[in-house]
Amino acid sequence: MPTIAIICTSATKMGDHDTGAWLEEAAVPYLMCKEKGMDVDMISINGGEIPWDQGSMQGDFMTAECTKFMADEAGQAQAKNSKKLTEVDILGYDGIYLAGGHGTCADFYGNQDLYDAVDKAYAAGKVVAADCHGPIGLLGAKKPDGMPLVAGLKVTGFTDVEESQVGLTEKVPALIETEFRKLGADFQAGPAWGPNVAIAGKLITGQNPQSSTACAKAFIEAL
């Protein structure tokens, strides 16, 4: 069975904004891949305990999948002792999945180690997925020919409209939709807060938390 790496942020702040990883966006791919019998490793930029955005554990954002994940002993053990990105062999995985949360804006963005990991995985024919703010970790990634990874490909991510609606346009280091378009991506913007997934061969991207299940499903199908 395939071996999967779910990569999460280690950041608890984006500037002065409290944040972390968005629980649903890590919980759903973890649970869905485990249900298929896959081996899953939870990885973070710094290793150790993954910080969850407290907003992702409130109200309707605390979905049934989130509750199930928080009660999953194996999943919790991994989330509290995640492997450090630079200490794993990314080519040992059949697929990598970049989970979101505004924390990624602090330590996925501009992170050459992450870009290099994505480059290696993509060049080796691995499946690469990213949901919501996870795609910010693709901005500096390259195709084997040196062109931007997303150039000419159908991709999505947290839209400029959604960023505006959460009031963080001025706090994020880059607007994913705007930057993808600058890189020549065929950006697929769905309705705000609705599920939307873009599939470009072995590159799978989801728009928002509501896209978690569809993104994980497409990832599994690509595997």
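As the structure is a computational prediction, the values presented were derived from the model and not from experiment. Keep in mind that the numbers below use all heavy atoms, side chains included, and drop hydrogens, waters and symmetry copies.
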Say whether I136 and L23 are linked into one hydrophobic cluster, either directly or through other cluster members, by side-chain heavy-atom distances under 4.5 angstrom.
no
Do we see a donor-acceptor contact under 3.5 Å between the side chains of D116 and Q112?
yes
Those residues that, when tested against K202, pass side chain to side chain contact (heavy atoms under 4.5 Å, CB included) (two or more places apart)
V127
The reported gap from CD in E25 to CD in Q210 (rounded to nearest 0.5 angstrom) is 8.5 Å
Is T63 reaching over with its side chain to a backbone N or O of C66, donor-acceptor style, under 3.5 angstrom?
yes
Could you state the interatomic distance from CD1 (I4) to OH (Y93), rounded to the nearest 0.5 Å?
10.0 Å
Residues which pass side chain to side chain donor-acceptor pair (under 3.5 Å) with D18, listed by chain and number, not counting sequence neighbours:
K13
Looking at W22, F187, W193, which one forms a ring pair (Phe, Tyr, Trp, His ring centres under 6.0 Å) with F158?
W193
Determine yes or no for a side-chain-to-main-chain donor-acceptor pair under 3.5 angstrom, with K143 supplying the side chain and L149 the backbone.
yes
Once side chain to side chain donor-acceptor pair (under 3.5 Å) is applied, do any residues pair with D16, and if so which ones, sequence neighbours excluded?
K171
Going by the rule side chain to side chain contact (heavy atoms under 4.5 Å, CB included), which residues pair with T67 if we only count those two or more places apart in sequence or in a different chain?
M62
With a 4.5 Å cut-off on side-chain heavy-atom distances among I, L, V, M, F, W and Y, is there a chain of contacts connecting M38 to V128?
no
State yes or no: do M57 and F69 share one hydrophobic cluster built from I, L, V, M, F, W and Y residues joined by side-chain heavy-atom distances below 4.5 Å, directly or via other members?
yes
Who pairs with F180 by ring pair (Phe, Tyr, Trp, His ring centres under 6.0 Å), at least two apart in sequence or on another chain?
none
d(Q188 CD, T205 OG1) to nearest 0.5 Å is 8.5 Å
Which residue, E177, R181, E179, forms the side-chain contact (heavy atoms from CB on, under 4.5 Å) with D160?
E177
For the side chain of E163 and the backbone of V172, is there at least one donor-acceptor N/O pair under 3.5 Å apart?
no
Backbone of G110 reached by a side-chain donor or acceptor of Y115 within 3.5 Å
yes
Any donor-acceptor pair under 3.5 Å from S82 side chain to G48 backbone
yes
Quick one: list whatever passes side chain to side chain contact (heavy atoms under 4.5 Å, CB included) with E35, sequence neighbours left out.
L31, K68
Heavy-atom closest contact (N208 atom, P195 atom, distance):
OD1-CA, 4.4 Å
Has Q58 got a side-chain atom pairing as donor or acceptor with Q54's backbone, closer than 3.5 angstrom?
yes
Show me the pairs that pass side-chain hydrogen bond (donor to acceptor under 3.5 Å, both in side chains) and involve residues 117-132, at least two apart or across chains.
D131-S212
Might you work through the side-chain contact (heavy atoms from CB on, under 4.5 Å) test for V88 and D41, ending with a clear yes or no?
CA-CA 10 Å; V88 301; D41 280 348; over 6 Å; no
Taking E65 for the side chain and A27 for the main chain, is one N or O donor matched with an acceptor at less than 3.5 Å?
no
Interatomic distance, CG@N46 vs CD1@I50, rounded to 0.5 Å, equals 11.0 Å
Among residues at least two apart in sequence or on other chains, which ones pass ring pair (Phe, Tyr, Trp, His ring centres under 6.0 Å) with F219?
Y97
Roughly how far, to the nearest 0.5 Å, is CG of N196 from SG of C215?
10.0 Å
Do I176 and I96 belong together in a cluster built from hydrophobic side chains that touch within less than 4.5 Å?
yes
Could I get the full list of side chain to side chain contact (heavy atoms under 4.5 Å, CB included) partners for T19, not counting sequence neighbours?
M14, H17, D53, H102
Using a 4.5 Å side-chain heavy-atom cut-off and chaining through intermediate ILVMFWY residues, the residues clustered with V161 come out as none
Give a yes or no on whether F61 atom CZ has more than 12 heavy-atom contacts from other residues, nucleotides or ligands under 6.0 Å away.
no
Between E87 and K83, is a side-chain contact (heavy atoms from CB on, under 4.5 Å) present by the stated rule, with each step listed?
CA-CA 7 Å; E87 295 177 354; K83 297 181 178 181; over 6 Å; no
Please answer: with hydrophobic residues joined when any side-chain heavy atoms are less than 4.5 Å apart, are L203 and F108 in the same cluster?
yes
Restricting to side chain to side chain donor-acceptor pair (under 3.5 Å), what partner residues turn up for K154, sequence neighbours left out?
none
Which residues pass the side chain to side chain donor-acceptor pair (under 3.5 Å) test with D39, sequence neighbours left out?
none
Between V40 and C33 the two heavy atoms that sit nearest each other are CG2-CB, 3.7 Å
Straight-line distance of L114 CG to N111 CG, nearest 0.5 Å
5.5 Å
Scan side-chain atoms only and decide if D107 and T9 contain a donor-acceptor pair under the 3.5 Å cut-off.
yes
